[in-house]
Amino acid sequence: MTVGQRIITILLCILGTMLTRFLPFILFQKNTPKAVQYLGKVLPPASFALLLVYCFRNVSIFSGNHGLPEFLSLGLTILIHCWKRNMLLSIFSGTVLYMLLRQGILPLPL
């Protein structure tokens, strides 16, 4: 690609990204359709459920550490979220605990 073609490609990518980001706000500035409102309520919990299934898909409760790091980290994430209602803090704390348990820094209670 020449320099001109690269610049045109980058500009088209910027235009496409901006169009997809701003178009819903331009189209729905007065009344948001019921379908879009419904998706706004349903999709965040559905995406978290999908992530939960993805994270626990290979956990074996019958071998190894029996999924203890995963379940302890999930429990901490739920507790922190119920206590502080801060998604970033709860996900971060669960991730840190999981990494500490998986790397063997914290001994697993058996």
Side-chain angles (χ1 to χ4, degrees):
M1 288 177 76
T2 66
V3 174
Q5 290 173 330
R6 289 180 186 176
I7 291 173
I8 291 172
T9 302
I10 291 170
L11 289 174
L12 286 174
C13 289
I14 291 170
L15 179 67
T17 301
M18 290 178 66
L19 185 67
T20 58
R21 301 287 188 214
F22 298 144
L23 193 61
F25 294 104
I26 294 169
L27 291 177
F28 304 129
Q29 48 183 303
K30 295 189 184 205
N31 288 337
T32 307
K34 296 289 184 190
V36 174
Q37 290 177 358
Y38 173 74
L39 289 174
K41 290 178 185 174
V42 175
L43 284 181
S47 63
F48 278 111
L50 183 67
L51 284 171
L52 192 64
V53 169
Y54 177 77
C55 289
F56 282 88
R57 75 187 187 286
N58 291 329
V59 174
S60 175
I61 59 173
F62 300 112
S63 66
N65 55 21
H66 307 291
L68 208 50
E70 291 86 356
F71 291 116
L72 288 174
S73 301
L74 176 64
L76 178 68
T77 303
I78 291 170
L79 285 174
I80 296 288
H81 188 71
C82 290
W83 177 42
K84 289 290 188 177
R85 296 282 180 198
N86 185 335
M87 189 177 302
L88 185 63
L89 179 64
S90 59
I91 292 172
F92 180 74
S93 62
T95 303
V96 167
L97 178 64
Y98 176 74
M99 286 294 130
L100 291 174
L101 291 173
R102 289 296 291 178
Q103 298 300 323
I105 296 171
L106 294 178
L108 288 174
L110 295 175

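Values below: all heavy atoms of this structure, side chains included; hydrogens, waters and symmetry mates excluded.
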Indicate, with yes or no, if Tyr54 and Leu74 share a hydrophobic cluster defined by side-chain heavy-atom contacts under 4.5 Å among Ile, Leu, Val, Met, Phe, Trp and Tyr. no
Taking atom CZ of Arg21 as the centre, does the number of heavy atoms from other residues, nucleotides or ligands within less than 6.0 Å exceed 12? no
Nearest 0.5 Å, please: how far is CG in Leu39 from NZ in Lys41? 11.5 Å
Taking side chain as C-beta onward, heavy atoms only, is Val96 less than 4.5 Å from Leu76? no
Of all the heavy-atom pairs spanning Pro44 and Ser47, show the shortest one and how long it is. O-OG, 2.8 Å
Only counting residues at least two apart or in another chain, list the ones meeting ring pair (Phe, Tyr, Trp, His ring centres under 6.0 Å) with Phe92. none
According to a 4.5 Å side-chain heavy-atom criterion applied to Ile, Leu, Val, Met, Phe, Trp and Tyr, with indirect links allowed, do Leu68 and Ile105 form part of one hydrophobic cluster? yes
Result of checking Leu52, Asn58, Val53 against Phe56 for side-chain contact (heavy atoms from CB on, under 4.5 Å): Leu52
For Leu72 and Leu97 the tightest heavy-atom approach is O-CD2, 3.8 Å
Hey, is the main chain of Met99 close enough, under 3.5 Å, to the side chain of Arg102 for a donor-acceptor pair? no
Hey, what do you get for CG (Leu23) to CE (Met18), rounding to the nearest 0.5 Å? 12.0 Å
Report the distance from atom OG1 of Thr17 to atom CZ of Phe22, rounding to the nearest 0.5 Å. 10.0 Å
Here the pair of heavy atoms bringing Leu101 nearest to Ser73 is CD1-OG, 4.4 Å
Drop me the distance from Leu27's CG to Thr32's OG1, to the nearest 0.5 angstrom. 10.5 Å
Nearest heavy-atom approach of Thr95 to Ile91 is OG1-O, 2.8 Å
Report whether Phe48 and Val59 are members of the same hydrophobic cluster (ILVMFWY, side-chain heavy atoms less than 4.5 Å apart, transitive linking). no
How many angstroms lie between CG in Leu15 and OG1 in Thr20, if you round to the nearest 0.5 Å? 9.5 Å
If you compare all heavy atoms of Ile61 against all heavy atoms of His66, which two are closest, and at what distance to 0.1 Å? O-ND1, 2.9 Å
Could you give the distance from CG (Leu19) to CG (Leu12), rounded to the nearest 0.5 Å? 11.5 Å
Minimum heavy-atom distance Met1-Gln5, with the two atoms named: CA-OE1, 3.3 Å
According to a hydrophobic-cluster definition based on side-chain heavy atoms being under 4.5 Å apart (Ile, Leu, Val, Met, Phe, Trp, Tyr only), do Leu89 and Trp83 belong together? yes
